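Reading through the structure tokens given below for one structure.
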2 protein chains.
Amino acid sequence: MAQQTHRVVIVGGGFAGVNAAKALAKLPVSISMVDRRNYHLFQPLLYQVATGGLSPSDIAYPLRAIFKKNRNVEVLLAEVRDLDPDNKVVHLESGSLPYDSLVVATGAGGQYFGSDHWEPFAPSLKTIDDATEIRRRVLLAFEAAERETNLDKQLSWLTFAVIGAGPTGVELAGTLGEIARDTLKRDFRHIQTDRARILLIEGANRVLPTYPADLSLQAERALIRLGVRARTGVKVVNINVNGLEVEGPRGRELLPCRTVLWAAGVKASRLGRILHERTGVELDRAGRVLVDEHLNVPGHPDIYVVGDLAHVKQPDGGMVPGVAPAAMQMGRFAANGIGARLRGQRVKAFVYWDKGSLATIGRNKAVADFGKLRFGGPLAWLAWLFIHLMYLVGFQNRLVVFVQWAFSYLTFNRKARLITGGVVLPDLTQPRQAEEERAEQQTALSRES
Amino acid sequence: MAQQTHRVVIVGGGFAGVNAAKALAKLPVSISMVDRRNYHLFQPLLYQVATGGLSPSDIAYPLRAIFKKNRNVEVLLAEVRDLDPDNKVVHLESGSLPYDSLVVATGAGGQYFGSDHWEPFAPSLKTIDDATEIRRRVLLAFEAAERETNLDKQLSWLTFAVIGAGPTGVELAGTLGEIARDTLKRDFRHIQTDRARILLIEGANRVLPTYPADLSLQAERALIRLGVRARTGVKVVNINVNGLEVEGPRGRELLPCRTVLWAAGVKASRLGRILHERTGVELDRAGRVLVDEHLNVPGHPDIYVVGDLAHVKQPDGGMVPGVAPAAMQMGRFAANGIGARLRGQRVKAFVYWDKGSLATIGRNKAVADFGKLRFGGPLAWLAWLFIHLMYLVGFQNRLVVFVQWAFSYLTFNRKARLITGGVVLPDLTQPRQAEEERAEQQTALSRES
């Protein structure tokens, strides 16, 4: 009679995990949502935090608040140490959680293609702390340029490089262009911020390489008007505190530049490797888990991998892209799969429904690719605005973000331009040395952890 | 003919410094505003950031944006190393600034009355980074309580102590009570957050000791309804990771408690001591500079000290209080003084115009003391709300804060409940050890700096 409730453990509170939990909460199961952060992050707008347009709490929402009405969902602030598929247990840094079904949705981080030592010089944008660190670097670069009297060094502070011209890279570069041309225009007395150079480095031969070629062209034209110079068909061969070295058709070239941002590739999170070790499942080159058509680890119908951590083949041989709508669909699919198994039913294979892609470049400028329908300009920008506002969790966030956007739009201002995180200022007369020390410290730290 | 423009250096971009600069900007002088942070902070609402109600950027505004239209104001992100009154030079960590008039407005920090080793266990609330650190500790305490199975330890995580029952302490304690009783009510599964205990420790024999006695009584009653227990007439004799020890009429007592916040006293910033060493000016016990009736360092009519760093005697023998309206008045007075000197005129002595005091306790609850007119309850709360919104710099901030308050009021939610600043989680099974290590690290850091 007293049958034990089916226990589902979900690891990761991103788009995939939250959507899985929300769908499962309606079923007679008990759910543990494990995340090492206490909030769900609306990652598509993270570049707005990195560039001072929005505050962290505008795009992050407490996980406990999301599930407060779902009494069968328990939120655990914890880090997963290991998985034990044989005994159906998840090991946390303290204690362990038994499960009947497991959903792994821990996403991906920055991928430096074997050059992890570039990370201190070229941070990637995946977390709130990344975003506030990038914001700190960008704002300090303008401060340093204002104080610098050597013109070469000043230009190097006023040069910003973004590596990778996918949607995130294009959004970052475009916003940096807007900041330099509009937001900071009258803020400084010794530099003209609109003379800042923003380089957008891309290995493929056009920006937004996954978009149709005509939209790439539109995007590149819009970027040029914002002062962004796209350098396509070039490969990054080195990054250090003085700048970056690229290799292209014209040979090697050194680009002096004090601020480099990384938007070039993703690497699956650590749990992919743990799954590989414990179940033998195959991983792709980026460390993603090759799941079957039901998003299960092959041979383990009780383990689902969803979101950016999953490598899912599409009928045309391509891979389901690592975007928010795909993660949400996978999360809900896994929840349905668990429900069906409980009822003794089978479900059809997962099919990704591509609703189209949108990338914004700046004020009024975006490109939209809805299959046959594709367009750029203000209409695409409005579509982008509308869709992002609708998907923001929490009505209050939506309204606050809308108010901030409306003001930014009307006034060209970006109010969240705060340099936080310690009061240590770079020694602006000896910037190179100070930066190198900081980089060394960071390398030392990452070695320790 | 080519007379050099009068150069004013203002150190500190708080209420006093910003008001001085804004008033001076209308005169034919050139102004350098030096601050080690790039923003002006609306400190009266900092407790709202510490308790997750507002985001840092809601109450901080970039200094450069404040002065963008004042072409004769230059903002310098820099730390002052030393002052040289004989040669009229301010030494920065790199370079130096000559001045004709100097305004020192660097404010005050937390004062631990000779027990600085308590600081790691009982942070004070003066900067944005303090506020996000306190927010982190408060939220992690509830997380730790949820995971803790030992009931004594759980209770210790659910006990919060606020030291000092002035306006800041009362506001912090009241807001913690609201968080426990309303905001987090349905967020956890293993603890009842409304059983959290909030202790408000005060050495005087009533809360809000600078207010009339009847308002203190009203405030204490309102606090009790929020679950805050005021312990008046007791002195803190020790603080460590396990809690605090107090001494009162009933002797010594140990209060087990994992989260202690410090709101007990202020200590003038480092520049007070530098002024003392360079000019011989007297300091009071808290390190404030005893200025003359023109807010000058005696014998130095070109050096003004304004805001929380200044000790200004009132006609009745008391001291002008360290509140925002006083700082704003002093800043404008110094600007007028400089203007008068340029025209060869003299100004009257500084007189503080006390517009009254307001302290909020929570939803609908506040006390107002406008001299003869004093009252508590919803009307005082509305007055508090209105005045604070009006003084917030920047129209956009005002509107965003209003929207967030309206939502918090209607929904009992506080959206900025983010645990940021590194992904390191405390080991919740061994909390004592982890906390001690963190405290040791912090002590080591403060020793280095």
Side-chain angles (χ1 to χ4, degrees), chain A residues 36-39 52 55-58 60-62 64-65 67-69 71 74-79 93-95 127-129 132 139-140 143 146-147 184-190 394-397 399-400 403-404 407 411 413 415-425 427-430 449, chain B residues 36-39 52 55-58 60-62 64-65 67-69 71 74-79 93-95 127-129 132 139-140 143 146-147 184-190 394-397 399-400 403-404 407 411 413 415-425 427-430 449:
Chain A
R36 58 180 181 170
R37 300 209 171 77
N38 77 328
Y39 50 84
S55 297
S57 66
D58 294 333
Y61 204 77
R64 293 195 183 278
F67 299 110
K68 69 194 297 178
K69 290 187 183 164
R71 302 303 298 178
E74 174 193 42
V75 175
L76 278 165
L77 183 69
E79 182 131 24
E93 88 283 1
S94 67
T127 68
I128 288 278
D129 291 309
T132 49
L139 294 172
L140 278 177
E143 297 289 342
E146 171 87 348
R147 298 280 297 277
L184 301 181
K185 206 171 164 187
R186 294 191 292 176
D187 276 13
F188 293 88
R189 300 290 176 262
H190 306 294
F395 179 61
Q396 184 189 353
N397 285 38
L399 194 68
V400 167
V403 168
Q404 303 210 347
F407 268 89
T411 64
N413 195 5
K415 74 179 195 76
R417 307 206 305 271
L418 311 183
I419 300 175
T420 55
V423 292
V424 184
L425 290 176
D427 185 347
L428 300 181
T429 49
Q430 307 226 338
S449 65
Chain B
R36 57 180 181 172
R37 300 209 170 76
N38 77 328
Y39 50 85
S55 297
S57 65
D58 294 333
Y61 204 78
R64 292 195 184 280
F67 298 109
K68 70 194 297 180
K69 290 189 184 162
R71 303 303 298 180
E74 173 194 43
V75 175
L76 279 164
L77 184 69
E79 182 132 23
E93 88 283 0
S94 67
T127 68
I128 288 279
D129 291 309
T132 50
L139 294 171
L140 278 177
E143 296 290 342
E146 171 87 348
R147 298 281 298 278
L184 300 181
K185 206 172 166 186
R186 294 192 291 176
D187 275 13
F188 293 88
R189 301 292 176 261
H190 306 293
F395 180 61
Q396 183 188 356
N397 285 37
L399 194 67
V400 167
V403 168
Q404 303 209 348
F407 268 89
T411 64
N413 195 4
K415 76 180 193 77
R417 305 207 305 272
L418 310 182
I419 300 174
T420 54
V423 292
V424 184
L425 290 176
D427 185 347
L428 300 180
T429 49
Q430 308 226 337
S449 64

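Just so it is clear, the model here is predicted, and its values are computed rather than measured. Throughout, a chain's letter reflects where its sequence line sits, starting with A, and its residues are numbered from 1.
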- Checking A:Arg147 side chain against B:Ser94 main chain: does a donor-acceptor pair fall under 3.5 Å? yes
- Give the C-alpha distance, both sets of side-chain angles, the deciding distance and a yes or no for side-chain contact (heavy atoms from CB on, under 4.5 Å) between A:Lys185 and B:Lys68. CA-CA 9 Å; A:Lys185 206 171 164 187; B:Lys68 70 194 297 180; over 6 Å; no
- Can you name the nearest heavy-atom pair linking B:Arg64 to A:Glu143, along with the distance? NH2-OE1, 2.5 Å
- Task: State, yes or no, whether a side-chain contact exists between B:Leu77 and A:Leu140 at a heavy-atom distance under 4.5 Å.
- Result: yes
- Message: Run the side chain to side chain donor-acceptor pair (under 3.5 Å) test against B:Glu146 and tell me which residues pass, sequence neighbours left out.
- Response: none
- What are the two closest heavy atoms between B:Arg186 and A:Arg71, and how far apart are they? O-NH1, 3.6 Å
